[in-house]
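No experiment lies behind these values; they were computed from the predicted model shown. Chain letters run A, B, ... following the sequence lines, proteins first, then strands; residues in each count from 1.
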Number of protein chains: 2
Amino acid sequence: MKYTTSMNIEIAKEERLAQIFSALGEPNRIKIIKILRDSKRELTCSEISNLLQIAPSTVSYHFKALRKAGLTKTRQEAQTKYLSLNKKTFKKYLPGFLDSL
Amino acid sequence: MKYTTSMNIEIAKEERLAQIFSALGEPNRIKIIKILRDSKRELTCSEISNLLQIAPSTVSYHFKALRKAGLTKTRQEAQTKYLSLNKKTFKKYLPGFLDSL
DNA sequence: TTGCTATTTCTATAATTATCGAAATAATAC
DNA sequence: GTATTATTTCGATAATTATAGAAATAGCAA
């Protein structure tokens, strides 16, 4: 069985929230979220790498943290992974935030 | 002149948000916020220390981070400092969050 | 003054983080 | 097959974090 955040395996709500806030507690991550919100399409690791001028490996690291926190989703097509927001999580834990960003 | 967060000294919005999220990215800090939200009165360092069973110096450290992020306010009375939420910040950067907590 | 209480600062430490470059993985194109 | 492209993992590192205990600060009470 694949792990999904909605399975909620005994994580206290404070832990879950802390995980989400930690994932967002870095300026580049906020920028990624903002870019995704404003973009009409999904974005890739290398696109973000170019936009933010940080190494692909660093972007991959941020992507992983955001995904682990349930804030983003990934769609794979060949070698390329397309990132988009997981709006459900924002709605559930940070209602109104995306609009205020 | 005393520094206040509302002075907003050239901090990009992403930096400001990252500061807030960092401050909230730790379970004990979330608990402190929750306790303050539910409490009818202000709370002190030693009260939180007892409630959460962590050292006063650690609580003081968390208090400082929350205050620096503009999430709490402090009222001093003799040696005692009373903490309460700074709802303005929550409203501005995390609308709806306190209610969903 | 001496002692008690509340908080902060200091010192130390173990853990985590953000970052990069290099190597590994994997799909595509020739 | 080789070469190219996209991403991830690994190794290293410098910075930050959460924690506690000890010492410092400061008000209050006998």
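- Residue contacts for B:Ser22: at a heavy-atom cut-off of 4.0 Å it reaches no nucleic acid atom on any strand shown.
- Checking side-chain atoms of A:Arg16 against main-chain N and O of A:Ala69 turns up a donor-acceptor pair under 3.5 Å.
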Exercise. Can you check side-chain contact (heavy atoms from CB on, under 4.5 Å) on B:Ile32 and B:Phe63, steps first, answer last?
Worked result: CA-CA 9 Å; B:Ile32 292 172; B:Phe63 274 20; 4.2 Å; yes

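- In terms of position along DNA chain C, the nucleotide closest to B:Thr80 lies nearer the 5' end than the nucleotide closest to the other residue of the pair B:Thr80 and A:Gln76.
- B:His62 has no side-chain polar atom (N or O) that falls below the 4.0 Å cut-off from OP1 or OP2 of D:dT17.
- In this structure, A:Ser57 does not reach the D:dT8 phosphate: none of its side-chain N or O atoms is under 4.0 Å from OP1 or OP2.
- For B:Ser46 and C:dT5, the shortest distance from a side-chain N or O to OP1 or OP2 is not below 4.0 Å.
- Look at CZ on B:Phe21: it is 17 Å from P on C:dT17, rounded to the nearest Å.
- The interatomic distance linking A:Asn28 (CG) with C:dT17 (P) rounds to 16 Å, in whole Å.
- If you check every strand for non-hydrogen atoms under 4.0 Å, B:Phe63 touches nothing.
- No close placement of the A:Tyr93 and A:Phe21 rings is indicated, their centers lying 6.0 Å or farther apart.
- OP1 and OP2 of D:dT19 both lie 4.0 Å or more from every side-chain N or O belonging to B:Thr58.
- Look at A:Lys64 and you won't find any side-chain N or O under 4.0 angstrom from OP1 or OP2 of D:dT7.
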